[in-house]
Amino acid sequence: MYWGQSLIHELTGKQRVSTGISPSGPIHLGNLREILTGDIIYKSILLDGKEADFIYLADDMDPLRKVYPFLPESYKEHVGKPLRDIPAPQGRGTYSDYYLNPFMNAMKSLDVKPNVIKTGELYRDGKFGKITEKVIEKKDEIRKILETISGRELEESWFPYNPKCSSCGRINSTTATGYMDGKVSYTCKCGHGGESDIYRDEGKLPWRIEWPAKWKILNVTIEPFGKDHGTVGGSYDTGKEIVEKIFDYPVPLSLIYERILLKGKGAMHSSTGINIPAEEILSFSPPEIVRYIMARVPTTRHIEFDPALGFLNIMDEFERLMKLEQEKKTTDEQHWIVALSNAGRSYDTVPDYRHLTTLVQIYDSEERIRNIMKKEGKEPDPLILSETIGMARKWVRAYAPESSKFVLKGKDDPVDLSEDEKKMICLFYNNLRSVEDWEPEKIHECARESIGASGMAPSDGFKTIYRALIGNDRGPRLGFFLSVIQKEKILARFGAICGD
RNA sequence: GGGCCCAUAGCUCAGCUAGGUAGAGCAUCUGGCUUUUAACCAGAGGGUCAGGGGUUCGAACCCCCUUGGGCCCGCCA
């Protein structure tokens with residue numbers, strides 16, 4: 001049974017899947033696993049014939065933790081302020097929106113359409129007010145839960161609500177000094193003191209309390225999260241206890257997902273620079289493949305992502321699977337994987353990516369490539385083709401191994417050939433001139449005959465031809481390769497070599 | 001110190017929440033097609049399922065232990 005299906009199979013009643021990412025930096029492929037796992041589960045529930053909805057929380061009330069490597073030193077003064085109160089590193093708007101917006105676009109192209117909720121707005125609208133009253137009322141019980149389960153001791157001055165200083169704007173430098181009628185009084189390290197209204201965005205609950213509070217006020221029933229939260233004594237453990245004992249709400253079903261590693265580099269983190277931003281991966285990978293990468297394996301397994309040849313293999317695997325699906329030969333499990341890889345557009349028009357990586361190295365013109373594919377009997381959706389051509393170009397430029405790249409030699413470029421090799425090339429050249437139909441098979445046959453007639457071993461003959469054309473011992477399948485290049489161009493090159 | 005995941009053919013992995021004769025792709029070898037950016041077709045060889053113990057008529061699968069590897073674990077998220 002498909003992993004997504006077995007997970008949700010026994011659930012009853014309407015489900016609400018919740019995910020969230022703190023928009024503190026560029027969102028990368030590793031972070032994408034959170035939201036895609038949520039989306040896969042949400043859609044699995046629907047596919048299983050049950051009711052569900054899907055929310056995404058942008059935690060823009062979270063404070064900036066530190067000056068990340070990608071930020072200017074001047075951001076030091078913003079450390080401790082909520083992300084939604086900090087200016088964007090570039091351009092206008094807020095820090096949180098600056099990183100959130102590109103991510104939203106990425107989500108859209110991945111066909112992930114949750115109900116987006118900004119945590120800051122929940123605070124602003126007083127949604128956390130009532131539950132915060134309860135938290136403060138039961139603060140001793142909560143303290144005990146946190147201390148017992150997480151095994152750490154809280155400071156004497158600990159208070160389950162962090163007021164935001166109305167003077168310096170930080171929420172990590174205040175100390176609560178009292179509570180009365182929905183207002184928390186505080187003093188701040190900046191010297192200021194005041195009151196913070198828990199029914200407004202004048203402070204926030206600490207993470208370990210905010211999380212279960214969100215479950216309760218948003219009626220969450222299932223939530224995926226990274227393994228770091230799932231560790232013993234971690235925030236899921238304490239959240240579970242708090243939500244049940246204090247908030248009287250059943251703990252949501254947990255779904256712990258493993259990390260995504262970059263092949264040969266290690267786990268993806270925004271801070272280490274080992275990562276591929278979401279926009280970047282979508283610049284060379286069709287969205288279906290990004291979904292497929294997450295959908296094909298259970299969440300408990302780590303994923304090693306190889307953007308070079310490994311990516312091409314995943315592409316092939318996916319295209320093969322698509323073909324099976326079209327022929328209705330998929331197993332139940334494969335069928336689910338196909339359904340969950342869908343990015344909201346028609347699959348049968350996704351073009352042959354590997355093929356395109358060769359074509360884009362020969363032609364700049366999209367029109368040309370389109371015509372060639374047409375001649376081969378493939379007619380992908382024009383829009384998708386054009387998009388995928390751009391992706392294949394990007395892949396060749398940025399990720400392809402050297403062995404997968406080539407440059408067609410110019411007519412008069414020098415080439416080092418022995419007498420025998422030259423003789424064979426010229427024989428091929430002469431034979432090629434009489435080839436009427438400029439088609440892969442005909443050309444290939446012509447090459448074989450010419451090599452044979454020259455007395456060279458086939459493998460040496462092909463190497464020689466590639467050397468003359470691209471200065472390399474290997475190249476794309478010869479017949480196909482020459483067929484997509486103008487005959488005159490090929491003849492001109494060989495003619496020049498033969499002194500014709 | 002604690003937790004999660006992984007260990008199955010040379011390589012990458014499936015099979016483990018149905019316990020019932022060990023699988024796929026690639027690689028290798030044979031035959032066909034007188035190579036081709038990891039070509040295609042037909043076939044073959046290849047495994048002490050990391051090791052040990054337990055449960056069972058029967059274990060890759062369930063339980064315990066050991067070994068090796070990956071990741072996570074103050075606060076904050």
Side-chain angles (χ1 to χ4, degrees), chain A residues 1 3 5-7 9-10 20-25 30-31 34 57 59-66 79-80 83 119 146 150-155 158 162 171-172 204 206-208 210-211 225-237 254 256-261 263 266-271 296-304 306 309-310 312-317 320 331 333-334 354-355 357-359 361 396 400-406 440-441 444-445 447-449 451-453 456-463 465-466 470 472-481:
Chain A
M1 196 190 291
W3 66 262
Q5 192 187 13
S6 55
L7 186 81
H9 199 56
E10 315 210 322
I21 301 173
S22 174
S24 57
N31 306 129
E34 162 114 6
L57 287 166
D59 288 326
D60 56 353
M61 265 303 268
D62 291 348
L64 184 67
R65 288 167 56 195
K66 60 179 179 185
V79 172
L83 300 173
T119 312
L146 290 177
S150 74
R152 68 191 159 104
E153 215 164 296
L154 298 171
E155 286 176 26
W158 177 83
N162 299 328
I171 56 179
N172 69 342
K204 81 185 276 290
W207 162 249
R208 281 187 186 245
E210 186 182 76
W211 199 21
F225 51 87
K227 66 193 296 187
D228 44 341
H229 295 301
T231 195
V232 167
S235 47
Y236 182 73
D237 270 4
S254 68
I256 298 174
Y257 58 86
E258 264 283 355
R259 309 197 91 75
I260 298 188
L261 318 177
K263 181 165 182 164
M268 291 201 193
H269 292 288
S270 355
S271 53
R296 64 200 272 272
V297 291
T299 59
T300 52
R301 319 200 34 152
H302 73 247
I303 294 174
E304 192 167 324
D306 170 20
L309 239 33
L312 235 43
N313 287 336
I314 289 269
M315 275 308 313
D316 283 353
E317 191 180 303
R320 241 177 283 136
T331 62
E333 188 173 350
Q334 286 174 323
R354 190 188 283 271
H355 190 50
T357 61
T358 300
L359 287 178
Q361 293 185 74
V396 169
E402 285 310 313
S403 64
S404 297
K405 296 191 204 179
F406 64 84
E441 274 170 47
H444 199 77
E445 203 174 317
R448 281 205 311 259
E449 278 169 11
I451 294 167
M456 273 177 100
S459 64
D460 291 334
F462 278 98
K463 275 183 197 162
I465 296 172
Y466 284 116
I470 59 178
N472 213 326
D473 279 353
R474 296 164 62 101
R477 287 172 163 251
L478 193 67
F480 151 73
F481 185 43

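Letters A, B, ... are given to chains in the order of the sequence lines, protein chains preceding strands, and every chain is numbered from 1.
- Here the OG1-NZ distance, from A:Thr358 to A:Lys405, works out to 13.5 Å after rounding to the nearest 0.5 Å.
- Separation of the P atoms belonging to B:C49 and B:A60 is 7 Å when rounded to the nearest angstrom.
- B:G3 atom C1' lies 17 Å from atom OH of A:Tyr257, rounded to whole Å.
- When the P atom of B:G74 is taken as reference, atom CZ of A:Arg65 falls 10 Å away, rounded to whole Å.
- Rounded to whole Å, the separation between the C1' atoms of B:C33 and B:G43 comes to 15 Å.
- On the C1' atoms, B:U56 is 37 Å away from B:A44, given to the nearest whole Å.
- Within 4.0 Å of A:Asp228, counting heavy atoms only, lies at least one base atom of the nucleic acid.
- Between A:Ile256 and A:Tyr466, the residue whose closest nucleotide on RNA chain B is further toward the 5' end is A:Ile256.
- One donor-acceptor pair, N or O on each side, does fall under 3.5 Å between the base of B:G2 and the side chain of A:Thr231.
- Under the Watson-Crick or G-U wobble criterion, with both distances below 3.5 Å, B:U48 has no partner in any strand shown.
- For the atom pair CE of A:Met315 and CZ of A:Arg354, the computed distance is 10.0 Å after rounding to the nearest 0.5 Å.
- Using P as the reference atom, B:C63 and B:C4 are 12 Å apart when rounded to the nearest Å.
- If you take atom C1' in B:C40 and the same atom in B:C26, they sit 15 Å apart, rounded to whole Å.
- A straight line from CD of A:Gln334 to C1' of B:G15 spans 14 Å, rounded to a whole angstrom.
- Residue A:Asp306 contributes atom CG, which lies 15 Å from atom C1' of B:C13 at whole-angstrom precision.
- Each of A:Glu258 and A:Val297 lies near RNA chain B, and the nucleotide nearest A:Val297 is the one positioned closer to the 5' end.
- B:G19 sits 27 Å from B:G25 when the P atoms are compared, rounded to a whole Å.
- Using a 4.0 Å heavy-atom cutoff across all strands shown, A:Asp59 reaches sugar-phosphate atoms only and no base atom.
- At least one side-chain nitrogen or oxygen of A:Arg448 sits closer than 4.0 Å to the OP1 or OP2 atom of B:U34.
- For A:Ile314 and B:C26, the CD1 to P distance is 15 Å, given to the nearest whole Å.
- In this entry the distance linking CZ of A:Phe481 with C1' of B:A39 reads 16 Å, nearest Å.
- At a cut-off of 3.5 angstrom, the base of B:C72 holds no donor-acceptor pair with the side chain of A:Lys227.
- Side-chain nitrogen and oxygen atoms of A:Arg259 include none within less than 4.0 Å of the OP1 or OP2 phosphate oxygen of B:C5.
- No side-chain donor-acceptor contact under 3.5 Å links A:Thr231 to the backbone of A:Asp228.
- Put simply, CH2 on A:Trp158 is 10 Å from P on B:C76, counting in whole angstrom units.
- When the side-chain nitrogen and oxygen atoms of A:Arg152 are compared with OP1 and OP2 of B:C75, one or more of them lie within a distance under 4.0 Å.
- A:Arg208 comes within 4.0 angstrom of sugar-phosphate atoms only, judged by non-hydrogen atoms across all strands, and of no base.
- B:G15 sits 26 Å from B:G58 when the P atoms are compared, rounded to a whole Å.
- Using a distance-only test at 3.5 Å, with no hydrogens or angles considered, a donor-acceptor pair links the side chain of A:Tyr466 to the main chain of A:Leu478.
- Within the 3.5 Å criterion, the main-chain N or O of A:Met61 finds no donor-acceptor partner in the side chain of A:Thr119.
- Remark: B:C4 base-pairs with B:G70; criterion is Watson-Crick or G-U wobble with both hydrogen-bond distances under 3.5 Å.
- Between A:Glu317 atom CD and B:U12 atom P the separation is 15 Å, expressed in whole Å.
- Pair check for B:U17 finds none; no Watson-Crick or G-U wobble contact set falls under 3.5 Å.
- Using C1' as the reference atom, B:A22 and B:U48 are 13 Å apart when rounded to the nearest Å.
- Remark: A:Asn172 CG to A:Asn162 CG distance equals 8.5 Å, nearest 0.5 Å.
- A:Trp207 and A:His229 have tilted rings, their planes meeting at an angle from 30° to 60° on a 0 to 90° scale.
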